[in-house]
Amino acid sequence: MDCQFVFLDLSADGGDAANSTLYAQELDLRYRVMRKPLGMGVDTVKFPFDLEALHLVAVDTAATIPVVVGCVMLMPVNATTCRLFQMAVDTSVQKRGIGRALVDRILDRAARDGFRECTLHARHNAVDFYRRLGFAVFGDEFSEVGIPHRHMRIDIPLNPAARK
C-alpha cells in the first residue's frame with residue numbers, strides 16, 4: 001500500500017480545508033477502530049486537547065479520494081517527555097507496516113522538537129507491537145475505557161537513526 005504521511009495543523013490560525021477533511025476522517029477512523037468495538041459512542045472520540053495535539057495521519061494515495069488509514073497523536077507532558085495517544089490503523093490494512101511507520105515518524109518529530117522520552121497507555125493486545133518498536137512496560141496493569149492497559153515508555157535518542 002502506498003501511503004503519504006501528513007502532519008495536521010489544527011490550530012485556528014494554521015488549519016485549512018485539507019486538514020479539516022483529513023481530521024474528520026481521522027476522527028471516524030478512531031471511532032471505528034477504538035471506540036465502536038467497545039460499544040462506545042462517537043461522542044467519546046474527541047479529546048479536549050485534540051486541537052493542541054500533534055496529529056499524524058497515513059493517507060492511502062492509491063485511492064481516488066484521499067483516505068486516512070492510520071493515525072496517531074502526540075502531546076507534551078513536560079519539556080522532555082511526550083505522550084503518544086490514539087494510535088489506530090484501519091483493520092483492512094493492519095499488519096502492513098503502517099503502524100510502525102506512524103510511530104517512527106512521530107518519534108522522529110518528537111526528537112526534533114526536543115523530547116527525550118515518550119510514554120503511552122497500551123491496550124493489552126497492543127503491548128507486543130510497542131515492545132517490537134522498543135517501548136518497555138512499566139508500572140502495574142490498569143483499566144482504561146473498561147479494558148486492560150499497560151504503561152509503556154521509550155527513550156528518544158538525539159539521533160533518530162539510533163532508534164532504528
Side-chain angles (χ1 to χ4, degrees), residues 1-11 14-16 18-35 45-61 66-138 144-145 149-164:
M1 165 170 281
D2 292 325
C3 282
Q4 177 183 4
F5 295 86
V6 180
F7 285 99
L8 303 182
D9 180 358
L10 302 176
S11 64
D16 62 22
N19 278 340
S20 296
T21 300
L22 294 176
Y23 178 56
Q25 289 186 36
E26 174 194 346
L27 290 173
D28 180 64
L29 176 67
R30 285 163 42 188
Y31 171 68
R32 287 184 289 111
V33 173
M34 303 182 79
R35 297 297 195 243
V45 173
K46 204 170 191 181
F47 287 86
F49 53 80
D50 255 39
L51 299 182
E52 290 82 37
L54 176 64
H55 295 248
L56 176 62
V57 295
V59 180
D60 180 356
T61 56
V67 176
V68 171
V69 295
C71 61
V72 65
M73 294 167 47
L74 197 75
M75 277 292 290
V77 173
N78 58 44
T80 59
T81 302
C82 57
R83 183 168 162 208
L84 191 148
F85 285 91
Q86 297 297 289
M87 170 79 176
V89 175
D90 190 287
T91 56
S92 69
V93 296
Q94 289 180 0
K95 310 273 188 223
R96 296 187 191 181
I98 295 168
R100 172 181 287 276
L102 283 163
V103 172
D104 284 346
R105 282 168 174 79
I106 207 142
L107 289 180
D108 287 352
R109 173 68 179 268
R112 286 194 309 276
D113 289 349
F115 295 106
R116 297 295 160 251
E117 176 184 56
C118 183
T119 65
L120 60 85
H121 294 176
R123 291 178 178 199
H124 189 266
N125 64 342
V127 168
D128 287 340
F129 166 77
Y130 289 113
R131 276 192 176 127
R132 288 191 299 274
L133 298 180
F135 284 82
V137 170
F138 70 94
E144 189 170 75
V145 294
H149 281 68
R150 297 301 305 260
H151 292 283
M152 299 188 82
R153 64 168 301 281
I154 190 171
D155 288 328
I156 303 173
L158 292 171
N159 175 5
R163 190 174 37 78
K164 296 176 172 124

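Below, each value reflects all heavy atoms present in this structure, side chains not excepted, and no hydrogens, waters or symmetry copies. The residues of the chain are indexed from 1 along the displayed sequence. Worth saying up front: this structure is predicted, and the values here are computed from it rather than measured.
- Within the model, atoms CE of M152 and CZ of F138 stand 9.5 Å from one another, a figure rounded to the nearest 0.5 Å.
- Side-chain contact check for F129 versus L133: some heavy-atom pair is nearer than 4.5 Å.
- Between R35 and V145, the closest side-chain pair of non-hydrogen atoms falls below 4.5 Å.
- Under the 4.5 Å side-chain criterion, counting only non-hydrogen atoms from C-beta, L22 is not in contact with C71.
- Taking all atoms of both residues into account, the shortest heavy-atom contact from D155 to P157 is O-CD, 3.5 Å.
- Taking a 6.0 Å sphere around CG of D2, one finds it holds 12 or fewer heavy atoms contributed by other residues, nucleotides or ligands.
- L102 places a side-chain heavy atom less than 4.5 Å from the side chain of V89.
- We find the CG-CG distance between L107 and L74 to be 7.5 Å, quoted to the nearest 0.5 Å.
- Contact of the M75 side chain with the F47 side chain is not registered, since no non-hydrogen atoms from C-beta on lie closer than 4.5 Å.
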Yes or no on side chain to side chain contact (heavy atoms under 4.5 Å, CB included) for R123 and M34, after CA distance, side-chain angles and deciding distance?
CA-CA 10 Å; R123 291 178 178 199; M34 303 182 79; 3.7 Å; yes

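- Within the 4.5 Å cutoff, the side chain of P66 has no heavy atoms near those of the T21 side chain.
- Between M87 and Y130, some side-chain heavy-atom pair lies under the 4.5 Å cut-off.
- Aromatic rings of H121 and H151 (six-membered ring for Trp) have centroids within the 6.0 Å cut-off, being under it.
- We find the OG1-CZ distance between T81 and R116 to be 10.5 Å, quoted to the nearest 0.5 Å.
- Sequence neighbours left out, the pairs with a member in residues 75-118 that pass ring pair (Phe, Tyr, Trp, His ring centres under 6.0 Å) are F49-F85.
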Verdict with reasoning, I106 to C82, per side chain to side chain contact (heavy atoms under 4.5 Å, CB included):
CA-CA 11 Å; I106 207 142; C82 57; over 6 Å; no

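- D50 is listed as a side-chain neighbour of M73, based on a closest heavy-atom distance under 4.5 Å.
- A88 approaches L29 most closely through the heavy-atom pair O-CD2, 3.8 Å.
- Minimum heavy-atom separation, A122 to V127: CB-CG2, 4.1 Å.
- Here CZ of R100 is found 7.5 Å from CZ of R132. Values are rounded to the nearest 0.5 Å.
- R131 has a carboxylate O that lies under 4.0 Å from a charged side-chain N of D128, or vice versa, which qualifies the two as a salt bridge.
- In plain terms, the two heavy atoms of T80 and N78 that are nearest each other are N-OD1, 2.9 Å.
- Although no hydrogens or angles enter the test, the distance criterion places no donor-acceptor pair under 3.5 Å between the side chain of R83 and the main chain of V77.
- To the nearest 0.5 Å, atoms CD1 (I98) and CG (D60) are separated by 7.5 Å.
- Rounding to the nearest 0.5 angstrom, the gap separating the CD atom in E144 from the CZ atom in R150 is 13.5 Å.
- Cation-pi geometry between R105 and F5 is met: under 6.0 angstrom from the ring centre, within 45 degrees of the axis.
- The two atoms that bring V33 and T91 nearest to each other are CG2-N, 4.5 Å, heavy atoms only.
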